[in-house]
Amino acid sequence: MKKSMIRPFLFLCCLVLLHSFGMAQASEKPAEMAFLPFTVNSAKDMSYLREGMREMLISRLSAEAGVAVVDKRKVDATLKAIGGSLTADKVAAFAKKVGADYLMYGSVTALGGGMSFDAKVYSTAKNTSETFYATAASEGEVMSAIDSLSWDVAAGVFGKKRPARYAAVRAQDPAAASPYETAHPDRAYMKSGGYYGGASSKWIDGGQRFVKVSNVDLALEAMAVGDVDGDGRMDVVMADRQYVTVYHLNNNRLNEFAKTKLPPRYKIHAVNVADLNDNGKSEIYISAADTKQPGSWGMEWNGTELTTLFKEARFYIRPLMVPGFGTILAGQRTGKDAKAIGGPLYSLLQDGNRLVVDETLPLPDTLVIFNFAIGDLDGDSDWEIVAFDEFSKLRVMESGGKMLWKSQDYYGATKRFIGGEDLLYRPTSRDYDEMTDGKGEQFLKIWIPSRIIIKDIDQDGIDDVILNKNASSMTSVVRNVQKFPSGMAMGMRWNGLGLEEIWQTKRIDGYVVDYELESEHMKTEDGEDRLYVGVVTQGGVMNMVTGDTSTLLIYPFKAKTEENNQ
C-alpha cells in the first residue's frame, strides 16, 4: 500500500477506534439511583435508622453495583415539594422527576427484639418494582443484614456476583428458631391454667416464638389462609377496604399472584376461605357492604386468574361450622328497623351465579354472623356458643342462648364496622346524633370484631378458644377515634366456671387485625398447628413512603404432655 494511502487509512481507523471507545464509554455509563429515607415501624425511638439505612445502602450499592447516586438534596427537596410523602402510585412520576433510572425505598420493622428490612427498587425502564427482604435477630446484626440486602439488590437488579462471604441466608421455617424469637411463656402459669386429668393432660407449647414475613403496602382490613390454587401449599389472602390480594408464601416472602377489586361503593369487612365445593381449591368468600346493604362476593382460582362465583349477594357471609350441618356458607341479611345487620342466620346455597337460602340455622337470632363461634368447651358432646357482645365483652352461651358466663375484660376489638353515616346524604344539622336521630339509627355503626377460633388443639376432647386482645381501655366509648398501638393473640379454656387465659403471645407492637389456623384448611406435614396473625405495623411521623404497611406473623403450636416438659 502506498504511503499516501496509508495515512488516510490510519486516520480513518483512529476515528473508528475513537468512536467505538466513546460508544463503549457511553454504554458503560453507570445507572443513576435515587434513595429515599426508609420508613421506621417501631414502638420505640429508632429514628436513627431512617437516614442511616439510606446512607448504608448508598455506600454499599455505589461500591458493589457501581451505581451513580442522585443527590440526596434533590431527592429530599422533591419529596418535600409533593408534601413529604410518596404513595405507591406516584413512584414512577417521582423517579422521572429526580432523573433516576432506579428508585429505592422501603421500611424497617422492629418486632419482638428483631428487625426486618423490606426494600423496593423501582426501574424506570421496566416500570416495575422488585422487592427485597432481610432480617436481623438483634440490633447487633443490623450491619450484616444490610450487607445481605445490598448484595441481593446488586445481584438481582444489576447482575453483580455476590462474594461467598455474603452468601444469602436461607429463610427459616416457622417451626425453627426465629430471628423474632419471643420469650417462652412461664411454664408454671401454663401448668396452672385450669387443666383436668393430672400429670397426663396436655398443654400447648405455643406463643414462644414466631416468624415474620415480608411487609406489604396495604392497610389490612381482613385476612385468611388456605390453598387457593390447589397446589397443596398454603396461600395467604389479604384485603384492604377495596382490594383482595392473594400471595404465595415462599421463604417467608409474600409473592402476589392474584388480585381483585370491588366497586368503590363497597367496603370489605371480612374475608374467609373454604373448599365448600370439594374441588381441591379453597374459594374466597368476601363479605362487603355499603352504608345501606351488603354486597358480597365469591371468587375462585381457575388456573390463571380469580373468577367470580357470585357477586353483590345481599347477605353478609362467612363459612361456619354448625353441629349437624358441618361447615356451610352462612349468611345474614340487613336487620329490621333499617339496622345494618340482624335477624335469623341462614345456610346458603349457590344457584347459578347467585346465593339463595337453603334453611334457617338453629341459632339465637341475637347473634351477628361475625361475632361468634361454636364448639364443645367442656367435653360433654353438647355444644356451646362463644360470642362477643357490642361492648367487646366475651360471652359463653348454651346452644339455646342461655348465658353461662361473661368476661370482665375486653377482647377482639377492631376498627372494622358496617353501617355508618352515608356520605352522599350526610345530615347538615350540628345537632345530629347518630345514636338517637331517625336517620342516625338507619346508619348506626355495628363494629366487626376479630374472629373467634374454636378447636381442640391439644386433642384431649375439649375445645380450646383462640382470640386476640388489642390494647385499648376505651373500646366501647370512643371507638371512632381510638388507636390500637399493640395487641396479642391468646388461648383460653373452660375451667367449669368460665373461660380463663392459658397462654398468650408476647405483646405485638401494632394493630392485630385478623388471624387464622393453618390446620383448619389443610393438614400440615409436621402435624403442628400454625397461627397466622395479620398486623398493621406502627408507623407515625416517619412514614415517608406508601402509607400503611401490614405484615404477617406465624406462630407454631405443638401439643406436648407435661411429663415431656418438666
Side-chain angles (χ1 to χ4, degrees), residues 222-239 243-249 256-263 266 268-289 294-333 344-363 369-370 372-375 451 453-455 514 516-525 529-530 532:
M223 62 151 285
V225 296
D227 185 8
V228 174
D229 58 1
D231 66 354
R233 302 181 67 181
M234 189 63 61
D235 303 309
V236 178
V237 182
M238 288 186 164
Y243 288 90
V244 175
T245 308
V246 190
Y247 302 89
H248 289 305
L249 181 58
E256 178 184 328
F257 74 92
K259 193 170 189 175
T260 190
K261 180 183 179 182
L262 269 58
Y266 292 107
I268 298 169
H269 50 260
V271 170
N272 290 277
V273 298
D275 183 14
L276 299 183
N277 58 14
D278 294 322
N279 67 350
K281 296 182 292 186
S282 293
E283 307 90 63
I284 302 174
Y285 295 101
I286 308 164
S287 194
S296 297
W297 266 255
M299 300 277 182
E300 187 173 49
W301 180 252
N302 69 357
T304 56
E305 62 181 358
L306 291 175
T307 57
T308 302
L309 299 174
F310 56 84
K311 65 178 182 178
E312 295 189 276
R314 299 309 178 196
F315 297 93
Y316 301 96
I317 61 172
R318 168 196 166 196
L320 179 67
M321 194 291 296
V322 181
F325 290 76
T327 300
I328 49 92
L329 183 62
Q332 195 170 23
R333 290 192 170 112
L345 288 147
Y346 302 103
S347 171
L348 303 177
L349 293 176
Q350 189 174 336
D351 181 12
N353 60 357
R354 66 192 187 100
L355 290 182
V356 297
V357 172
D358 178 29
E359 57 184 300
T360 302
L361 295 172
L363 296 169
I369 191 171
F370 305 110
F372 73 96
I374 301 170
R451 71 180 74 228
I453 297 173
I454 297 183
K455 186 184 178 183
D514 209 347
E516 273 238 73
L517 274 178
E518 179 176 5
S519 62
E520 290 283 272
H521 303 278
M522 61 190 296
K523 186 177 181 180
T524 57
E525 293 180 0
D529 286 282
R530 293 190 182 94
Y532 290 69

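The structure displayed is predicted, hence computed values, not measured ones.
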Peer 1: Do N353 and T308 pass the side-chain contact (heavy atoms from CB on, under 4.5 Å) test, and can you show the C-alpha distance, the side-chain angles, and the key distance before you say yes or no?
Peer 2: CA-CA 8 Å; N353 60 357; T308 302; over 6 Å; no
Peer 1: Verify, without hydrogens or angle tests, whether D351 (side chain) and R354 (backbone) share a donor-acceptor contact under 3.5 angstrom.
Peer 2: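 A pair under 3.5 Å: no.
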Peer 1: Under the criterion side chain to side chain contact (heavy atoms under 4.5 Å, CB included), which of I284, V271, V237 is the partner of M299?
Peer 2: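 Option passing the side chain to side chain contact (heavy atoms under 4.5 Å, CB included) with M299: I284.
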Peer 1: Looking at Y532, is R451 sitting on its ring face, NZ or CZ under 6.0 Å from the six-membered ring centre and within 45 degrees of the normal?
Peer 2: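 That pair does not qualify as a cation-pi contact.
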Peer 1: How far apart are the C-alpha atoms of Q350 and N277, what are their side-chain angles, what is the distance that settles it, and do they pass the side chain to side chain donor-acceptor pair (under 3.5 Å) test?
Peer 2: CA-CA 10 Å; Q350 189 174 336; N277 58 14; over 6 Å; no
Peer 1: With distance as the sole test, does E516 use its side chain to make a donor-acceptor pair with the main-chain N or O of V225 at under 3.5 Å?
Peer 2: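 Indeed, once roles are kept as given, a pair shorter than 3.5 Å links the two residues.
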Peer 1: Please check: side-chain N/O of D235 versus main-chain N/O of V228, any donor-acceptor pairing under 3.5 Å?
Peer 2: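 Side chain of D235 to backbone of V228: a pair is present.
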Peer 1: Calculate, to the nearest 0.5 Å, the distance between atoms CG and NZ belonging to D231 and K281 respectively.
Peer 2: 11.0 Å
Peer 1: Grab the two heavy atoms, one from V244 and one from I286, that are nearest each other, plus how far apart they are.
Peer 2: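 It is CG2-CD1, 3.7 Å.
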Peer 1: Shortest non-hydrogen contact from N272 to P319?
Peer 2: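 That closest heavy-atom pairing would be CB-CD, 3.4 Å.
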Peer 1: To the nearest 0.5 Å, tell me how far M238 CE sits from E256 CD.
Peer 2: 12.0 Å
Peer 1: Is the number of heavy atoms from other residues, nucleotides or ligands under 6.0 Å of R314 CZ greater than 12?
Peer 2: yes
Peer 1: Mind listing the closest non-hydrogen atom pair of F325 and I328 along with its distance?
Peer 2: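 Heavy atoms only, the tightest pair is O-CG2, 3.8 Å.
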Peer 1: Which value, rounded to the nearest 0.5 Å, describes the distance between K311 atom NZ and L355 atom CG?
Peer 2: 13.5 Å
Peer 1: What's the verdict on side-chain contact (heavy atoms from CB on, under 4.5 Å) for V357 and R333, showing C-alpha distance, side-chain angles and the deciding distance?
Peer 2: CA-CA 11 Å; V357 172; R333 290 192 170 112; 3.8 Å; yes
Peer 1: How far apart are the closest heavy atoms of F370 and S287, and which atoms are they?
Peer 2: CZ-OG, 3.3 Å
Peer 1: If you take all heavy atoms of W297 and I317, which pair is closest and at what distance?
Peer 2: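 Smallest interatomic distance, heavy atoms only, reads O-CD1, 3.8 Å.
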Peer 1: Please round to the nearest 0.5 Å and tell me the distance separating atom CD1 of I369 and atom OH of Y316.
Peer 2: 10.5 Å
Peer 1: Taking all heavy atoms of G232 and all of D227, pick out the closest pair and write down the distance.
Peer 2: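 Looks like N-OD2, 2.8 Å.
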Peer 1: If you count the non-hydrogen atoms of other residues, nucleotides and ligands that lie under 6.0 Å from NZ in K455, is the total more than 12?
Peer 2: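 Buried by this count: over 12 neighbours within 6.0 Å.
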Peer 1: So does S347 get a backbone contact from the side chain of D358, meaning a donor-acceptor N/O pair under 3.5 Å?
Peer 2: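 Flag not set: sc D358 to bb S347 has no pair under 3.5 Å.
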Peer 1: Under a 3.5 Å distance rule, please check whether E283 uses its side chain to pair with a backbone N or O of L276 as donor and acceptor.
Peer 2: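 Judged by distance alone, yes, a pair lies under 3.5 Å.
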Peer 1: Could you check whether any side-chain N or O of T245 sits under 3.5 Å from a backbone N or O of K259, counting only pairs where one atom can act as donor and the other as acceptor?
Peer 2: no
Peer 1: At what distance, to the nearest 0.5 angstrom, does CG of L320 lie from CG of L363?
Peer 2: 7.0 Å
Peer 1: Using side-chain contact (heavy atoms from CB on, under 4.5 Å), reason through Y243 and K261 one step at a time and then give a plain yes or no.
Peer 2: CA-CA 5 Å; Y243 288 90; K261 180 183 179 182; 3.3 Å; yes
Peer 1: What distance do D229 atom CG and L306 atom CG have between them, rounded to the nearest 0.5 Å?
Peer 2: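 Between D229 CG and L306 CG, I get 10.0 Å after rounding to 0.5 Å.
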Peer 1: Taking C-beta and beyond as the side chain, do V356 and L348 meet within less than 4.5 Å on heavy atoms?
Peer 2: no
